[in-house]
Amino acid sequence: MPHSNQEIVELENRYTSGLYNKRPIALVRGEGAHVWDADGREYIDCVGGHGVVNVGHCNPDVVQAICEQAKTMITCPPSFPNDKRALLMAELIRIAPFPAERVFLCNSGTEAVEAALKFARLVTGRKGIIATKNAFHGRTFGALSATWNVEYRRPFEPLVPGFLHVTYGDTTALAEAITDDTAAVILEVVQGEGGVRPGDGAYLRQAQELCREHGALLIIDEVQTGFGRTGRMFASEYYGLEPDLMCVAKSIAGGVPMGAVLMGARVGELQSQTHGTTFGGNPLACAAALAAIRYIETHHLPQRAAELGAYFMDKLRALDRPLIREVRGLGLMVGVELKQRAAGYLAKLMDAGVLALPAGPIVLRFLPPLVISREDLDTVVKVVGDVLAQ
Ligand SMILES: *Cc1c(COP(=O)(O)O)cnc(C)c1O
């Protein structure tokens with residue numbers, strides 16, 4: 001067993017694919033909004049596993065649910081109903097921000113997007129998909145075809161045909177692009193990876209109307225914004241959006257891999273055997289998700305994210321550092337756009353005990369667990385102020 005940061009980092013770097021820009025510390029333990037590296041150093045975690053631990057690291061309720069389910073049944077294919085899966089589906093329908101009727105369970109965000117795109121073509125019999133500039137929807141071929149970043153796309157072309165990107169927030173551009181062969185329009189409510197860019201409510205509602213007028217389906221990607229992150233259970237609630245397909249993943253199961261597509265009446269019951277996945281809705285992930293959702297509701301985490309997010313952004317804005325171009329976000333999904341590249345500053349934040357993420361080249365992104373304390377956020381603001389003063 002490798003023990004120190006150095007031993008673990010060396011071993012992992014020797015064998016890893018090389019795909020990731022790995023940080024020079026090994027994380028070995030987490031609790032709430034804190035993580036520890038292998039040398040025992042503690043960090044305030046505003047990476048949150050890339051936004052997957054809204055309920056906090058090793059949330060005790062999630063841990064207990066996983067342990068109990070592991071002793072009962074870990075795996076059960078989707079062709080057999082299961083008690084935890086059935087209950088989770090009912091729970092997802094109950095908390096959906098629109099009249100959802102059916103659920104498809106999978107194992108990640110990109111799988112949820114992939115499934116939604118396939119379902120849209122299946123149900124409408126149309127080919128066209130409209131996505132937006134700066135969008136991020138995942139890395140498998142279908143989801144990648146909806147993603148905007150050319151560096152992610154170019155090495156893998158040709159991608160799936162039929163995709164088109166229009167400017168996010170531009171209703172006219174969408175109105176010109178949408179046709180009677182458009183199967184779906186896919187949108188994030190807040191563009192996450194693309195720079196933490198909150199969408200405009202009027203635009204999002206107009207996009208929904210345009211879809212209705214043309215018989216196209218609206219796919220809302222709430223993979224990053226879901227489960228309390230933005231100050232509501234789902235960001236769609238801010239604008240009363242009623243998508244036909246809603247993709248979720250990241251924080252759905254307290255850190256356990258899971259994704260889901262929630263579907264409305266225009267999608268209906270899908271034809272059997274047209275899509276599927278071996279692990280989708282496995283009981284272990286379902287038990288974790290049930291515990292995570294219950295925790296989010298009983299501890300009012302969406303409200304907490306709204307309050308703490310406003311507090312955090314106010315304090316970041318008050319820093320008034322010339323290096324900061326803009327502080328923006330929704331709830332505890334927060335971006336600080338700099339006038340310089342973010343990478344060096346992320347390294348300095350880490351040295352000072354704060355883990356944060358990039359969102360594009362010049363944005364510092366903060367996705368802390370929603371259980372983070374006000375005192376921890378004060379510390380984060382102080383460290384950001386110090387690092388950006390240098
Ligand atoms: C992270 C993310 C995805 C992809 O999820 P993975 O689990 O990494 O495949 C898709 N859409 C959005 C908005 C995301 O933030």
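Indexing begins at 1, ligand by ligand and atom by atom, following the structure's order. Everything numeric in this text was worked out from a predicted model, so none of it was measured.
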Salt-bridge present (Asp244, Arg266; N to O < 4.0 Å):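 Counted as a salt bridge, because a side-chain N and a carboxylate O are separated by less than 4.0 Å.
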Mind checking what residues have non-hydrogen atoms under 4.0 angstrom from ligand 1?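 Ser108, Gly109, Thr110, Phe136, His137, Gly138, Glu188, Asp221, Val223, Gln224, Lys250.
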Relative to Tyr238, does Arg232 satisfy both conditions: NZ or CZ under 6.0 angstrom from the six-membered ring centre, and within 45 degrees of the ring's axis? yes
Cation-pi, Tyr168 ring and Arg197 (6.0 angstrom, 45 degrees): no
Say whether, by atom type as modelled, one donor and one acceptor occur between the side chain of Arg321 and the main chain of Leu319 under 3.5 angstrom.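 Yes, the answer is positive, given that a donor and an acceptor are paired below the 3.5 Å cut-off.
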Determine whether a donor-acceptor pair (N or O, by modelled atom type, separation under 3.5 Å) exists between the side chain of Arg365 and the backbone of Pro358. yes
CG/Leu88 to CG/Asp83 distance, rounded to the nearest 0.5 angstrom? 11.5 Å
